[in-house]
A.B. asks: 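Once you've had a glance at the structure underneath, I'll fire off some questions.
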Amino acid sequence: MTNKIALFINGEFVQSRSERFSDVVNPATQEVIAKVPFATDSELEDAIASARAAFKLWRDVPVPDRARYFFRYQTLLKEHQKELAEILSRENGKTFQDAMGDVWRGIEIVEHACSIPSLMMGETVENVARGIDTYSNIQPLGVCLGITPFNFPAMIPLWMFPMAIACGNAFVLKPSEQDPMTPMRLAELFMEAGFPKGLLNVVHGGKEQVEKLLKHKDIKTISFVGSVPVARHVYRTGTDHFKRVQAFGGAKNHMVVMPDAAKAQVLSALAGASVGAAGQRCMAISVAVLVGEAKNWAEDIKAELAKAKPGAWNDDKAAFGPVISRAAKDRVLGMIAKGVDEGARLLLDGRDCKVPGLPDGNFVGATLFDKVTSNMDIYKEEIFGPVLLLMEAETLEEAIRIINDNPYGNGTSIFTNSGYAARTFQNKVEAGQVGINVPIPVPLPFFSFTGWKESFFGDHHAYGKQAVRFYTETKTITARWFAEDSKVQSNMTIKLQ
Ligand code: NAD
């Protein structure tokens with residue numbers, strides 16, 4: 001019998017009473033590996049109530065003690081990294097190495113959560129008036145909600161709940177229904193680390209469940225990662241209901257290739273960053289803008305991409321795995337056909353892609369278009385598959401203009417040997433993450449992940465110091481203390497300004 005995934009409520013793994021389930025499918029084989037429930041309204045209520053109750057106790061746990069729980073969690077995650085990566089590969093299709101990276105980037109956030117005592121420090125000014133001090137404390141908010149996408153089932157849940165809980169909050173996570181087994185294993189290890197029950201709850205479902213959670217009176221913050229239309233909707237609905245929202249959306253990331261760049265580095269970086277993880281990364285490079293003489297490099301890029309072959313998760317030679325679902329594959333194939341219709345030149349066609357032994361996998365081969373222009377749908381829409389587009393520009397300024405005119409702003413990079421070109425690019429380009437001779441600049445957790453424009457709706461970004469701001473409220477206290485024999489002084493004489 002197919003395994004039915006449990007809900008995680010109040011420290012218990014419980015079977016849902018729902019009658020609605022969807023299949024969790026191995027994208028390389030179409031095997032149904034589990035069934036995931038769509039939680040009922042009362043189960044969502046139970047999860048939120050349990051988080052509320054846990055919050056009341058947890059907020060008073062001393063900050064160093066909170067950090068110690070995360071030290072234990074970090075150790076357990078490291079011990080189970082391979083096992084987590086195997087679960088992840090099976091339900092998501094990523095190669096094992098890529099899945100190890102997905103888990104590792106999450107572990108790094110847990111490490112960051114271990115430094116919560118210094119992250120929670122407020123500010124103090126002594127003597128704002130005679131004998132009066134003002135200081136600020138940072139306090140948690142209550143129950144925080146996270147809604148996560150399919151493409152990083154370990155890293156993105158770990159972007160959210162460790163920092164929220166380290167700050168003193170409790171958390172309800174609604175992971176992607178396409179690969180919920182990895183987040184459930186994260187929850188089991190969370191319990192094993194000894195955290196109090198109810199601090200983390202995991203509920204399953206889709207649009208309907210999200211809709212209920214977004215409007216719930218006891219939810220204080222909403223962290224969302226997913227496609228742009230849903231991110232926009234989550235931001236609007238959440239803020240309409242007076243929640244604090246951070247909503248990360250889709251992307252179209254450009255790499256500018258200057259003619260003075262180290263060519264071998266460009267080719268290798270571009271292949272890994274465009275078709276790696278089957279192009280299903282929000283920081284994938286999906287457009288390369290070739291500047292000046294670099295326009296002649298299209299054939300070399302094609303040769304490099306042609307070497308990147310998809311395959312099974314445990315095939316060491318596979319550069320990437322299948323896309324997540326049949327529907328995703330159909331969508332990517334449809335976009336390739338559209339690119340041909342729109343007049344882009346198809347240099348490498350990954351549509352007829354066969355992986356020996358896996359005839360039913362959702363594989364799409366590395367695909368390359370050149371002569372792409374900004375009015376084409378393949379340029380305007382996020383494809384989220386192993387497809388790289390080449391565009392041309394005469395100058396760096398023209399390349400920057402192309403990027404700045406694009407509605408997305410997650411990340412971008414430049415390959416050049418000119419410090420001046422790199423500095424101009426870093427200063428003028430409108431994107432939240434910039435790489436200089438680095439293709440996928442996902443910041444480490446002591447910085448924040450800072451998407452711009454349509455790639456992010458909200459104010460404070462994920463992890464780093466910005467996460468502490470997002471998951472807390474600042475209280476500013478002004479205090480005066482009297483000596484036992486102090487005379488009453490008229491309040492009129494105390495000037496605070
Ligand atoms: P998705 O938007 O389909 O789903 C994301 C989450 O929202 C899931 O938990 C899903 O159940 C829920 N959901 C789906 N439709 C909904 C609706 N109509 N109303 C309410 N909730 C809904 O995204 P996905 O396909 O799982 O993930 C891929 C997308 O995520 C890509 O667009 C990618 O660029 C983006 N992404 C962005 C970042 C970033 O940092 N900016 C990171 C990772 C992924």
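Atoms within a ligand are numbered from 1 in the order they appear, just like the ligands themselves. Quick note: residue numbers are just sequence positions, from 1.
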A.B. asks: I'd like to know if Glu91 pairs up with Arg185 as an ion pair, taking the criterion as any Lys NZ or Arg NE/NH1/NH2 lying under 4.0 Å from an Asp or Glu carboxylate oxygen.
C.D. replies: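 Salt bridge: no.
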A.B. asks: Classify the angle between the aromatic ring planes of Phe195 and Phe190 as parallel (below 30°), tilted (30 to 60°) or perpendicular (above 60°).
C.D. replies: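 Parallel.
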A.B. asks: Could you tell me, atom by atom, which parts of ligand 1 come under 4.0 Å of a heavy atom of Ile147?
C.D. replies: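 Numbered from 1, ligand 1 contributes 6 (C), 7 (O), 9 (O).
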A.B. asks: Considering Phe449, Phe248, Phe150, Tyr408, which one's heavy-atom position lies nearest to atom 25 (O) of ligand 1?
C.D. replies: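 Result: the heavy atom closest to atom 25 (O) of ligand 1 is in Phe150.
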A.B. asks: Under 3.5 Å, N or O to N or O, is Gln178 touching ligand 1 that way?
C.D. replies: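 Between Gln178 and ligand 1 (N or O atoms, distance only) the closest approach is not under 3.5 Å.
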A.B. asks: What about Trp159 and Phe248, are their ring centers closer than 6.0 Å?
C.D. replies: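 Yes: the rings meet the under 6.0 Å criterion.
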A.B. asks: With Met160, which of Thr148, Leu145, Ile147 fulfils side-chain contact (heavy atoms from CB on, under 4.5 Å)?
C.D. replies: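 Going through Thr148, Leu145, Ile147 one by one, the side-chain contact (heavy atoms from CB on, under 4.5 Å) with Met160 is satisfied by Thr148 alone.
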A.B. asks: Counting heavy atoms only, which of Ile324, Val230, Val228 comes nearest to atom 15 (N) of ligand 1?
C.D. replies: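 Going through Ile324, Val230, Val228 one by one, Val230 has the nearest heavy atom to atom 15 (N) of ligand 1.
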A.B. asks: Among residues at least two apart in sequence or on other chains, which ones pass side chain to side chain donor-acceptor pair (under 3.5 Å) with Tyr471?
C.D. replies: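 Side chain to side chain donor-acceptor pair (under 3.5 Å) list for Tyr471, sorted by chain: Ser223.
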A.B. asks: Return yes or no for this condition: an N or O of Phe384 is under 3.5 Å from an N or O of ligand 1.
C.D. replies: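 No, there is no polar N/O contact under 3.5 Å.
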A.B. asks: With only distance considered, is Lys207 within less than 3.5 Å of ligand 1 through an N or O on each side?
C.D. replies: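 So ligand 1 has no N or O lying under 3.5 Å from an N or O of Lys207.
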A.B. asks: Should the proximity of Glu382 to ligand 1, defined as any heavy atom under 4.0 Å, be assigned to the side chain, the backbone, both, or neither?
C.D. replies: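 Side chain only.
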A.B. asks: Pick one of side chain, backbone, both or neither for how Val234 approaches ligand 1, counting any non-hydrogen atom pair under 4.0 Å.
C.D. replies: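 The answer is neither; Val234 stays 4.0 Å or more away.
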A.B. asks: Name the option, out of Gly249, Ser325, Gly409, that contains the heavy atom nearest to atom 41 (N) of ligand 1.
C.D. replies: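 Looking at heavy atoms only, Gly249 sits closest to atom 41 (N) of ligand 1.
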A.B. asks: Heavy-atom distance to atom 3 (O) of ligand 1: which of Ser227, Gly451, Ala462 wins?
C.D. replies: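 The residue whose heavy atom sits nearest atom 3 (O) of ligand 1 is Ser227.
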A.B. asks: Which bit of Glu177 is near ligand 1, meaning a heavy atom under 4.0 Å away: side chain, backbone, both or neither?
C.D. replies: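 The answer is the side chain.
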A.B. asks: Hey, mind stepping through Phe456 and His461 against ring pair (Phe, Tyr, Trp, His ring centres under 6.0 Å) and telling me if it holds?
C.D. replies: CA-CA 8 Å; Phe456 180 71; His461 291 85; 4.0 Å; yes
A.B. asks: When only distance counts, is His233 in polar contact with ligand 1, meaning an N/O pair under 3.5 Å?
C.D. replies: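 No, no N or O pair falls under 3.5 Å.
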